[in-house]
Amino acid sequence: MTATVTHPAERAKDPAQLRAIFGENLRSLSADYPSIAGLCRDLGINRTQFNRYLSGDSFPRPDVLHRICQFFDTDARILLERVELMGNASFDLLSHPAVAGFFGAAPIAVPTDLFPNGIYRFVRRSFIDEAQFVMGLVLIHREDGYTFLRGYEPREAMRSQGLSTAPRDREFRGIVMRQEEGIMIIVTHRNSMACSFNFLTPETSFQRNLWEGYVTRTVREKISGIRAARMVYEHLGRNTGAILSAARTAGLIGIQDVPPFHTRLLRLDQPFR
């Protein structure tokens with residue numbers, strides 16, 4: 001007689017069995033965390049309810065299951081199969097085993113109260129001409145658990161370097177990740193082998209919609225031009241008037257056109273360190 005091999009998901013049809021498998025998987029995934037209370041805070045799940053999951057007494061709602069799977073870099077198979085038997089066919093870059101536990105859920109979970117969605121105006125010194133400044137707009141949006149940035153280089157800045165001013169070539173995109181004192185954004189152009197690294201932290205002494213930090217380019221040191229500059233982000237929210245006004249003034253500008261509170265945060269009289 002030939003033995004029939006049954007897939008674990010086919011064996012566990014009873015709801016009690018499914019809850020038991022999920023609870024066992026959750027205990028296994030939680031084993032590396034020193035505090036269940038701290039884990040519940042990070043997950044945003046009530047501890048009493050989390051204990052019901054652990055004991056196999058309850059299933060999470062779909063949205064809570066999605067949050068748990070994202071946090072532990074796994075998928076919904078934890079309802080059906082024991083984690084030690086699950087093999088990933090492919091990996092998200094930040095959850096790849098080579099860097100698991102070093103990136104993962106914590107850096108990519110950027111709270112909206114730390115960095116809201118919407119349109120931002122930014123200003124920084126020009127990398128090419130230190131007497132000029134770049135003012136532009138970017139969109140911050142969230143999708144599939146990630147926070148993304150999208151924007152366009154000023155036409156005159158591209159034209160002055162002899163580069164294409166077509167929208168496709170001016171467009172840049174980036175991914176936002178949380179850091180201990182703020183956020184970082186890695187930004188690049190389409191199919192580019194160079195990028196910029198941005199770090200921003202909330203500025204609370206003036207207005208709650210301001211972030212200050214710096215931007216650096218991944219290029220070699222040259223005689224002319226700079227590779228790092230301070231930068232200010234201003235969240236414009238849904239203020240259509242402010243967005244349209246910022247759009248009209250976007251591009252290469254002189255110091256006289258930089259808003260006074262932006263100028264103060266840029267600390268132009270102090271060398272960047």
Side-chain angles (χ1 to χ4, degrees), residues 41-45 61-73 92-95 103-124 134-154 167-168 170-190 192 195-216 229-251 258-259 261-262 265-266:
R41 284 195 300 271
D42 291 342
L43 280 168
I45 298 176
R61 301 192 313 266
D63 60 315
V64 177
L65 175 62
H66 177 69
R67 194 187 317 159
I68 291 172
C69 289
Q70 283 206 316
F71 186 88
F72 289 112
D73 297 321
D92 180 274
L93 175 60
L94 298 181
S95 62
F103 287 94
I108 65 173
V110 182
T112 54
D113 58 349
L114 172 63
F115 203 55
N117 288 333
I119 300 292
Y120 288 74
R121 173 170 64 169
F122 72 88
V123 61
R124 61 166 173 81
V134 176
M135 182 176 287
L137 297 176
V138 295
L139 170 67
I140 298 296
H141 65 101
R142 285 167 170 80
E143 186 177 331
D144 297 328
Y146 290 94
T147 305
F148 296 108
L149 173 148
R150 183 182 182 186
Y152 291 85
E153 297 284 2
R168 177 183 175 87
R170 291 170 45 228
E171 183 181 10
F172 56 83
R173 299 191 185 191
I175 181 169
V176 183
M177 288 185 279
R178 185 158 53 113
Q179 297 291 282
E180 183 175 353
E181 297 185 23
I183 60 165
M184 74 172 186
I185 314 173
I186 299 175
V187 181
T188 186
H189 290 81
R190 195 182 306 272
S192 175
C195 68
S196 68
F197 173 89
N198 304 249
F199 174 78
L200 296 168
T201 187
E203 164 51 49
T204 58
S205 61
F206 288 100
Q207 303 175 40
R208 294 183 59 84
N209 65 333
L210 292 176
W211 286 258
E212 62 174 335
Y214 59 87
V215 53
T216 64
R230 293 190 183 94
M231 182 169 60
V232 175
Y233 264 52
E234 177 186 4
H235 185 230
L236 302 179
R238 298 181 179 179
N239 188 332
T240 303
I243 293 172
L244 292 176
S245 175
R248 286 192 293 268
T249 57
V258 178
F261 51 90
H262 289 63
L265 292 177
L266 290 174

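These figures come from a predicted structure and were not determined experimentally.
Taking the six-membered ring where tryptophan is involved, the planes of Y233 and Y120 are tilted, since the angle between them lies from 30° to 60°. Using a 30° and 60° split on the angle between ring planes, F172 and H189 fall in the perpendicular class, above 60°. Relative ring orientation between W211 and F115 is described as perpendicular, the plane-to-plane angle rising above 60° on a 0-90° scale split at 30° and 60°.
T201 places a side-chain N or O within 3.5 Å of a backbone atom of E181 that can act as its donor or acceptor partner. A donor-acceptor pair is defined here as one N or O able to donate and one able to accept, closer than 3.5 Å; such a pair exists between the side chain of R67 and the backbone of L43. A donor-acceptor distance shorter than 3.5 angstrom exists from the side chain of H235 to the backbone of N117, with no hydrogens or angles considered. R142 places a side-chain N or O within donor-acceptor distance of the main-chain N or O of V110, the cut-off being under 3.5 Å.
Between L139 atom CG and R173 atom CZ the span is 10.0 Å, to the nearest 0.5 Å. Atom NE2 in H66 sits 7.5 Å away from atom CG in D144 (nearest 0.5 Å). Summarising the geometry, atom OG1 belonging to T112 is positioned 13.0 Å from atom CD1 belonging to I140; distances are rounded to the nearest 0.5 Å. The distance from atom CD of E203 to atom CZ of R208, rounded to the nearest 0.5 Å, is 11.5 Å. M135 contributes atom CE, which lies 6.0 Å from atom NE2 of H262 (distance to the nearest 0.5 angstrom). For the atom pair NE2 (H141) and CD1 (I119), the distance works out to 10.0 Å, reported to the nearest 0.5 Å.
Residues I183 and T147 fail the side-chain proximity criterion, which asks for heavy atoms closer than 4.5 Å. By the 4.5 Å heavy-atom criterion applied to side chains, I186 and M177 are counted as neighbours. Inter-residue side-chain proximity for E234 and P259 is flagged as unmet; no heavy-atom pair is nearer than 4.5 Å. Between I68 and I45 there is a side-chain heavy-atom pair separated by less than 4.5 Å.
Within 6.0 Å of CG on D63 lie more than 12 heavy atoms contributed by other residues, nucleotides or ligands. At most 12 heavy atoms of other shown residues, nucleotides or ligands fall within 6.0 angstrom of atom CZ in R168.
Looking at every heavy atom in both residues, G182 comes nearest to P202 through CA-CD, 4.5 Å. When every heavy atom of Q70 is checked against every heavy atom of G145, the shortest pair comes out as NE2-CA, 3.6 Å. In this structure, F122 and M231 approach most closely via the heavy-atom pair CD1-SD, 4.4 Å. What you find for V134 and P154 is that their closest heavy atoms are CG1-CG, 3.9 Å. Among all heavy-atom pairs drawn from A109 and R178, the shortest one is O-NE, 2.9 Å. Closest heavy-atom contact between C195 and T188: CB-CB, 3.9 Å.
With salt bridges taken as basic N to acidic carboxylate O contacts below 4.0 Å, none links R230 and E212.
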Could you walk me through whether L149 and N198 pass the side chain to side chain contact (heavy atoms under 4.5 Å, CB included) check?
CA-CA 11 Å; L149 173 148; N198 304 249; over 6 Å; no
